[in-house]
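To start, the structure under review is shown below, and the notes come after it.
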Amino acid sequence: MNSDARSLDVPDGTEPSHRPPRRSRRWLLVTGMGAVGALVAGGAAVGFGGRRRRPKPGPPPRATAPVRRMTLVEGQDFPAEVAYDEEAPLAVRLSGTVTALPDPGTVLRPGDVACRIDDRPVLLLAGSTPAYRTMRVGDRGPDVRQLEKNLRDLGYGGFTVDDTFTASTAGAVRRWQERLGLEQTGSVELGRVVFRPRPARVGAHRIQVGMPVGDALYDLTGTERRVILSLDPKYQHLASKDRAATVLLSDGSTPGVISAVRKPGGGDEPKATVTIQVKDQKALAEQGDTPIEVRLVAREQADVLAVPIVALLAIDGGRYGVEVVDGGTAVVVPVEVGLFAQGQVEISGPGITEGTEVTVPATDTAGRPQ
């Protein structure tokens with residue numbers, strides 16, 4: 001039986017076997033005389049300065065709640081954390097000394113300086129093909145197209161965006177180099193630009209200013225906050241791509257969508273990693289380092305009749321009922337129960353329709369049951 005349900009014995013028309021035996025008329029007369037004597041004594045006490053007895057309070061007013069038609073969702077909550085999308089660390093194909101690094105948290109967009117080596121800038125540009133060679137007149141390929149598209153977007157023209165590095169392309173490169181304070185060679189040396197498919201956020205530094213260039217300078221992440229949680233194998237059926245999830249924050253909740261599920265790798269990684277995309281980035285930013293939870297849908301019942309769980313009454317034989325109020329009368333009606341979720345319970349039974357009023361425990365002004 002649910003802990004929120006109230007117990008009620010429903011009369012079935014039979015006389016209970018534990019009814020006390022009938023007393024004699026003489027006994028009733030004696031006890032009646034005693035009661036009259038007590039009443040007289042009480043009256044005398046009041047009349048001669050005794051304390052007035054306070055009347056016992058009557059029963060609390062009956063509170064009711066309507067039967068509502070709704071969708072019930074049963075969820076399972078899991079601890080989670082807010083993080084940025086992971087990306088590969090920044091590596092530079094140049095030798096020299098690191099003379100400047102952007103601060104962690106800096107968002108780099110196409111045309112921004114990713115670092116300075118020997119006090120000369122290395123530029124972040126948009127593109128999915130990594131830089132793998134020095135680009136000069138006569139070269140062809142997707143890396144050339146990427147370079148020309150970036151030059152055009154940065155305001156340099158006089159050439160056609162295609163796969164061929166022409167003399168016109170070299171002219172635009174020289175103007176760009178002049179603006180950056182670089183030697184105006186008209187070619188782009190390997191390591192001077194780093195291509196990334198999207199803007200990136202600077203993460204933890206892996207090297208310090210003043211050190212020689214190593215394998216990686218710092219971590220790069222995505223610019224959007226995501227919610228990450230780990231799931232034990234027994235719960236992994238609750239998570240699938242594009243499925244809805246609710247992110248529970250310290251001051252409320254916000255909807256999310258599962259964007260990725262990385263299956264367990266075995267060994268030291270027995271859990272699945274679930275990534276949830278959240279549209280309300282401000283809510284995640286305001287959460288800071290406060291722990292959060294994610295509610296995944298375990299079961300859902302749409303378009304059902306439901307009442308607050310506290311409206312349930314436990315009747316004979318392990319059955320449930322509700323007390324239906326109609327005008328000035330209240331009748332206990334047996335019901336079938338379904339899903340328990342969100343403080344509500346799905347019910348069905350004779351005379352149970354949307355809008356039917358059922359009794360619930362009354363509460364005082366502080367919300368406590370009376």
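Source: prediction; values computed, not measured.
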Exercise. Counting distance only, does the side-chain N/O of His205 pair as donor-acceptor with the main-chain N or O of Pro102 below 3.5 Å?
Worked result: yes

For this session: Might you point out which heavy atoms bring Asp139 and Thr134 nearest each other, and give the distance in Å?
Result: OD2-O, 3.3 Å

For this session: Mark yes when over 12 heavy atoms from residues, nucleotides or ligands other than Arg133 sit less than 6.0 Å from its CZ; otherwise mark no.
Result: yes

Problem set entry | Reported CD1-to-CD distance for the pair Ile228 and Glu81, which is rounded to 0.5 angstrom | 7.0 Å

Problem set entry | Ionic contact status for Asp119 with Arg116, cut-off 4.0 Å | yes

For this session: Quick one: do Leu151 and Arg175 satisfy side chain to side chain contact (heavy atoms under 4.5 Å, CB included)? Show the steps, please.
Result: CA-CA 10 Å; Leu151 289 171; Arg175 295 192 298 274; over 6 Å; no

Exercise. Can you tell me if CD on Glu183 sees more than 12 non-hydrogen neighbours from other groups inside 6.0 Å?
Worked result: no

Exercise. Does Leu147 belong to the same Ile/Leu/Val/Met/Phe/Trp/Tyr cluster as Leu182, with side-chain heavy atoms less than 4.5 Å apart forming each link?
Worked result: yes

For this session: Taking the side chain as every heavy atom from C-beta outward, state whether Val137 and Thr166 have any pair of such atoms under 4.5 Å apart.
Result: no

For this session: Compute whether any side-chain donor of one residue and acceptor of the other, for Arg295 and Thr246, lie under 3.5 angstrom apart.
Result: no

For this session: Establish, from distance only, whether the side-chain atoms of Arg201 and Thr223 form a donor-acceptor pair under 3.5 Å.
Result: no

For this session: Evaluate the side-chain proximity of Glu300 to Leu72: yes if any heavy-atom separation is below 4.5 Å, no if none is.
Result: no

Exercise. Does the Asp118 side chain pair with the main chain of Thr97, one donor and one acceptor, at a distance under 3.5 Å?
Worked result: yes

Exercise. Do Gln344 and Pro308 come close enough that some side-chain heavy atom pair is under 4.5 Å?
Worked result: yes

Problem set entry | Backbone N/O of Phe195 and side chain of Gln146: donor-acceptor pair under 3.5 Å | no

Exercise. Taking all non-hydrogen atoms of both residues, which atom of Phe165 and which atom of Met135 are closest, and how far apart?
Worked result: CE1-O, 3.6 Å

Exercise. Would you say Ser128's side chain and Pro197's backbone share a donor-acceptor pair under 3.5 angstrom?
Worked result: no

Exercise. Does any N or O in the side chain of Arg243 come within less than 3.5 Å of the main-chain N or O of Leu238, such that one atom is a donor and the other an acceptor?
Worked result: yes

Exercise. Do the side chains of Leu123 and Trp176 get nearer than 4.5 Å, heavy atoms only?
Worked result: yes

For this session: Provide the closest heavy-atom pair for Phe159 versus Tyr156 in the form atom of the first, atom of the second, distance.
Result: CE2-O, 3.4 Å

For this session: Side-chain contact test, heavy atoms from C-beta onward, threshold under 4.5 Å: evaluate it for Val307 versus Thr356 and give yes or no.
Result: no

Problem set entry | Check: Ile207 and Leu217 side chains under 4.5 Å, non-hydrogen atoms | yes

For this session: Would you check, one step at a time, whether the test side chain to side chain contact (heavy atoms under 4.5 Å, CB included) holds for Ile352 with Val324?
Result: CA-CA 9 Å; Ile352 301 298; Val324 174; 4.1 Å; yes

Problem set entry | Heavy-atom pair with the smallest gap, counting every atom of Cys115 and Leu101 | CB-CD2, 4.0 Å

For this session: Go through the steps to decide whether Leu154 and Leu125 satisfy the test side chain to side chain contact (heavy atoms under 4.5 Å, CB included), and finish with yes or no.
Result: CA-CA 10 Å; Leu154 292 172; Leu125 298 181; 4.3 Å; yes

Problem set entry | Stepwise side chain to side chain contact (heavy atoms under 4.5 Å, CB included) check, Val67 with Thr353 | CA-CA 7 Å; Val67 176; Thr353 60; over 6 Å; no

Exercise. Is there a path from Val193 to Val213 through hydrophobic residues (I, L, V, M, F, W, Y) whose side chains come within less than 4.5 Å of each other?
Worked result: no

Exercise. Do any N or O atoms from the side chain of Arg152 and from the backbone of Gly158 form a donor-acceptor pair under 3.5 angstrom?
Worked result: no

Exercise. So, the side chain of Asp232 versus the backbone of Lys234: is there a donor-acceptor pair under 3.5 Å, distance only?
Worked result: no

For this session: Could you state whether Leu220 and Ile117 fall into the same hydrophobic cluster, counting links through intermediate Ile, Leu, Val, Met, Phe, Trp or Tyr residues with side-chain heavy atoms under 4.5 angstrom apart?
Result: yes

Problem set entry | Check: Leu339 main-chain N/O paired with Glu346 side-chain donor or acceptor under 3.5 Å | yes

Exercise. Any ion pair linking Glu224 and Arg226 (charged N to carboxylate O, less than 4.0 Å)?
Worked result: yes

Exercise. Is any side-chain heavy atom of Ser253 less than 4.5 Å from a side-chain heavy atom of Leu248?
Worked result: yes

For this session: Examine distances only and state if a side-chain atom of Asn150 and a backbone atom of Ala126 form a donor-acceptor pair shorter than 3.5 Å.
Result: yes

For this session: State whether the side chain of Glu178 and the backbone N or O of Gln184 hold a donor-acceptor pair below 3.5 Å, judged by distance alone.
Result: no

Problem set entry | No-hydrogen, no-angle side-chain donor-acceptor test under 3.5 Å, Glu357 and Thr64 | yes

Problem set entry | Which atom of Val332 lies closest to which atom of Pro334, heavy atoms considered | O-CD, 4.0 Å

Problem set entry | Flag side-chain contact, heavy atom, 4.5 Å: Arg206 against Asp215 | no

Exercise. Taking all non-hydrogen atoms of both residues, which atom of Leu305 and which atom of Arg69 are closest, and how far apart?
Worked result: CD2-NH2, 3.5 Å

